[in-house]
Each structure stands twice: as C-alpha cells, then as structure tokens.
Amino acid sequence: MKNPIPISINNNDIDIDLDKLPKTKGWLGSSVLSLYQGYWCPSRIIPNIKLFQTHFQPQSQDIILASSPKSGTTWLKALLFSIANRSRYTLSNTPLLTSNPHQLLPFLEFNLYAEAKAPHDLGPDAPVTTPRLFSTHLPHILLPESVIKSSECRIVYICRNPLDTIVSFWHFATRDRVESQSQWMIKDYVDKFCLGEQGFGPFWDHVLGYWKESLEKPEKVLFLKYEDLKEDIEVHVKKIGEFIGCPFSEEEEKKGVIGEISQLCSLKNLSDLEVNKSGKFMPNFDNKSYFRKGQVGDWVNHLSPSMAQHIIEIIDKKLGGSGLEFIY
C-alpha cells in the first residue's frame, strides 16, 4: 500500500490515504475516480478538495459558479464575468478577448488549491477584484461549511439535461484523443453515467443538492438550466445581475447593455475569438475543446432511443417528487 499523500500548508498536514477509497475508471483517458464523501471525484484533486473544505475563507460578496461538468460552465463563466465587471470594462477591452473564461473564473479544486502555499493564500491566479468570482464542480454537500453556513456569499448553479450532458462530455473526452477514442464508445459513457460513476457524480445527487438548496435559500443559490438560457438569454442575464447584487439600471436596459453582453458571450462569438481557437487552459485541454455545438437536443444524433429511454427512466426515478424536471 502506498503512503498517504501529505499536503503541507504552514506545517499543518492533511493526510488522505487514497488507496482506501473505492475507485473506478475515469472518463478522461487514463484518469481514475475515487469515491470521496459519497461522490466520484478525480483522484488527483482530492487533496485539493480537502484543502478547500478546510481552509477557504469566503467574503460576503464572493460569487461561486457551480456546475456538473459539461453543463454550460464555460458559457456561464463568460456571462457572469461580464455582468459583474461591466463597470470596469467595455466590449472593446474586456479580458474575454484575451483570456479563456476558465482563466477568469478559476476552479477552486483544479486550479487555486493546487497552487495554494498557505491556508488563506489562493495563489497567483486568485481573483483580486470585488466581487471575487470562483467556480467549482463540487456537489453542494462537499462545499466548505464556511460557504454553506457561515457566509453571505452566493452560488450560481447551472445544469443541463443529462442526455446532452453525456454527449457533450463524450465529445470533450474523445476530441483529438486517439487513445481515448479507441477505449470509449458512447455506450460506455451511458453505462457509467447510469451507475453514477462520472466526475463529481452521481449526476442526480449533484443537481438535487443545489436544487433543494435553491428552494430553501433562494437568496443564497440561483438554480439555472442551460435550456432556459438558450431559450431567452437576456431574461436570464438580467436575473443573474439582480441575484449577484449587480442589477441593471433602467438606463443600461435602454442602452441595450443586456443585449450587448448576451451577444458578446454567445457561444458563436466566444468560439470565434482567437484566444479560444488556440492555446491551453490546462496542460491536457486545448481552449478550443471547450466549445462545440452547444445545441439543445443534439443527443438525438448520438444516443439510440433505447439508451435515451434508459437514462430518462433513471433520472425520472431519482428526481421523482422533487419538482425538478428536464426538457429533452
């Protein structure tokens, strides 16, 4: 058995023996998922998650974008950044022109706590302006108590219907990765998904956690659906602005600022930016891999009717009685 992985922060070690956690094959190449506190998390970042849970000190104006992977995260990051920083930047000098949205709203578990050098130091990529904008794929129950119970920081959550989520992740995992393509067929993804064995899953527990919290504390959690944003983006841009404490003024509405932000952050416009056509956000992922069709209902081109029906039956059963439903 391997030794526990010690993460030293100011001489306070957090010991996690990853060998003792149940494991399954991950969806990305040779990655491995470990069952950590009831959810399948990438094994390599579990020490980062523990650091986040233990040391994160939220500020009252912090905003955390939360999502299950491939649910519209990149799009919402661009929107949230633009809404919160519209007084600082114009359309001609917005950092979105030179930075991938994931750089502007860094992941707490993938980025910031991988670089932390001290309990309350989040490293060189930590947001410095107010409100601070962060992102996470963690389920609600895995967030630090400092976020859930002790602070006024707000959470914007986005989810997507599970059929399109599976297809989106399959394309993301196999795009330009010959090894992955030879190992994974989409049926493999469906089988794993139905067992709950995908990153930060089970999917149904992930969405239910934030859904229930949004019902109990609507001032704390804003629950969004990808399909609703696609149907009427301007309504939701306005809604997000109000929720995060940056409401649009009547003058801004008359000037068409909401429409300008919606257009700037459209998937087509973002994917056409040079910064998102080249370069890498993280070592293994090209910026361009975060942009594909973004269509609602694209699953019909990839999933068989029997696959889709099986997934829908599981989701309906898992979400039954919650009031949460998806449009397919």
Side-chain angles (χ1 to χ4, degrees), residues 27-28 33 39-42 45 48-49 52 56 62-84 100-113 127 132-144 147-148 153-173 193 196 198-214 220-230 233 236-237 239-240 243-244 265 267 270 281-282 285 289-292 294 296 315 319 324 326-327:
W27 287 21
L28 294 174
L33 303 178
Y39 289 84
W40 292 102
C41 301
I45 67 163
N48 305 348
I49 295 173
F52 173 39
F56 183 64
D62 284 351
I63 300 165
I64 299 176
L65 187 164
S67 65
S68 183
K70 307 312 295 177
S71 297
T73 308
T74 310
W75 183 25
L76 185 56
K77 283 189 177 187
L79 287 168
L80 192 53
F81 180 87
S82 299
I83 295 167
N100 182 277
H102 290 288
Q103 295 173 286
L104 302 176
L105 271 77
F107 282 105
L108 286 151
E109 66 274 14
F110 283 108
N111 307 121
L112 299 182
Y113 276 97
R132 297 191 303 177
L133 304 177
F134 302 102
S135 68
T136 184
H137 280 325
L138 291 181
H140 186 266
I141 197 172
L142 264 61
L143 297 179
V147 170
I148 297 174
C153 71
R154 282 158 284 189
I155 299 169
V156 180
Y157 181 77
I158 187 168
C159 65
R160 189 179 189 182
N161 85 68
L163 304 183
D164 281 334
T165 298
I166 290 173
V167 169
S168 180
F169 204 110
W170 180 70
H171 278 284
F172 179 73
F193 181 93
Q198 84 278 4
F200 307 99
F203 172 88
W204 43 86
D205 289 338
H206 200 292
V207 296
L208 273 179
Y210 285 98
W211 171 251
K212 291 178 179 178
E213 196 70 8
S214 73
K220 179 82 171 180
V221 178
L222 176 63
F223 191 97
L224 302 172
K225 293 181 182 178
Y226 181 88
E227 295 78 16
D228 292 341
L229 267 68
K230 290 285 287 185
I233 182 59
H236 287 85
V237 166
K239 186 175 184 178
I240 293 168
F243 176 78
I244 67 172
C265 300
L267 291 174
L270 290 173
F281 161 59
M282 290 193 288
F285 304 112
S289 67
Y290 292 95
F291 301 91
R292 203 175 67 87
V296 174
I315 295 299
L319 303 186
L324 176 59
F326 289 103
I327 298 173

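Keep in mind that the numbers below use all heavy atoms, side chains included, and drop hydrogens, waters and symmetry copies.
- In this structure, the separation between OG1 on T136 and CD1 on I49 is 7.5 Å, given to the nearest 0.5 Å.
- Taking P127 as the reference, P106, L112, R132, F134 meet the side-chain contact (heavy atoms from CB on, under 4.5 Å) condition, with sequence neighbours excluded.
- Ring pair H137/F110 is perpendicular by interplanar angle, where above 60° counts as perpendicular and below 30° as parallel.
- The backbone N or O of C153 sits less than 3.5 Å from a side-chain atom of K220, completing a donor-acceptor pair.
- E213 pairs by the salt bridge (Lys or Arg N to Asp or Glu O under 4.0 Å) definition with K217, not counting sequence neighbours.
- Not a single donor-acceptor pair under 3.5 Å links the side chain of K70 to the backbone N or O of S168.
- Atom NZ of residue K77 and atom OG of residue S82 lie 13.5 Å apart, to the nearest 0.5 angstrom.
- Atoms CZ and CD1, from F56 and I64 in turn, are 5.0 Å apart once rounded to the nearest 0.5 Å.
- Taking all atoms of both residues into account, the shortest heavy-atom contact from L33 to G199 is CD1-N, 3.8 Å.
- Here the side chains of F200 and P69 are in contact, with some heavy-atom distance below 4.5 Å.
- With sequence neighbours excluded, the residues satisfying ring-ring contact (aromatic ring centres under 6.0 Å, His included) with F193 are F203.
- A distance of 11.5 Å separates OG1 in T73 from CG in L80, rounded to the nearest 0.5 Å.
- Looking only at side-chain heavy atoms (C-beta outward), I240 and L222 come within less than 4.5 Å of each other.
- You'll find the side chain of T74 stays beyond 4.5 Å of the side chain of L270, heavy atoms only.
- For the pair Y226/N161, no side-chain contact is recorded, criterion being any heavy-atom separation below 4.5 Å from C-beta on.
- Note: Y157 and Y210 have parallel aromatic rings, judged against thresholds of 30 and 60 degrees for the angle between ring planes.
- Looking at heavy atoms from C-beta onward, I233 lies in side-chain contact with W75 at the 4.5 angstrom threshold.
- Note that NZ of K225 and NE2 of H236 are 10.0 Å apart. Values are rounded to the nearest 0.5 Å.
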Could you walk me through whether L133 and L104 satisfy the side-chain contact (heavy atoms from CB on, under 4.5 Å) test, starting with their C-alpha distance in whole Å, then the side-chain angles of each, then the deciding distance to 0.1 Å, before giving a yes or no? CA-CA 8 Å; L133 304 177; L104 302 176; over 6 Å; no
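- Side-chain N or O atoms of R160 include none that pairs as donor or acceptor with a backbone N or O of G72 at under 3.5 Å.
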Tell me, with the steps shown, if L105 and I63 meet side-chain contact (heavy atoms from CB on, under 4.5 Å). CA-CA 10 Å; L105 271 77; I63 300 165; over 6 Å; no
For L319 and F326, run side-chain contact (heavy atoms from CB on, under 4.5 Å): C-alpha distance rounded to whole Å, both residues' side-chain angles, the deciding distance at 0.1 Å, then the answer. CA-CA 10 Å; L319 303 186; F326 289 103; 3.6 Å; yes
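- A donor-acceptor pair under 3.5 Å is absent between the side-chain atoms of W40 and the main chain of P202, judged by distance alone.
- Residues C41 and L142 meet the side-chain proximity criterion, which asks for heavy atoms closer than 4.5 Å.
- Using a 4.5 Å heavy-atom threshold, the side chains of F223 and D228 count as separate.
- Between F52 and L138, some side-chain heavy-atom pair lies under the 4.5 Å cut-off.
- L143 contributes atom CG, which lies 5.0 Å from atom CD1 of I148 (distance to the nearest 0.5 angstrom).
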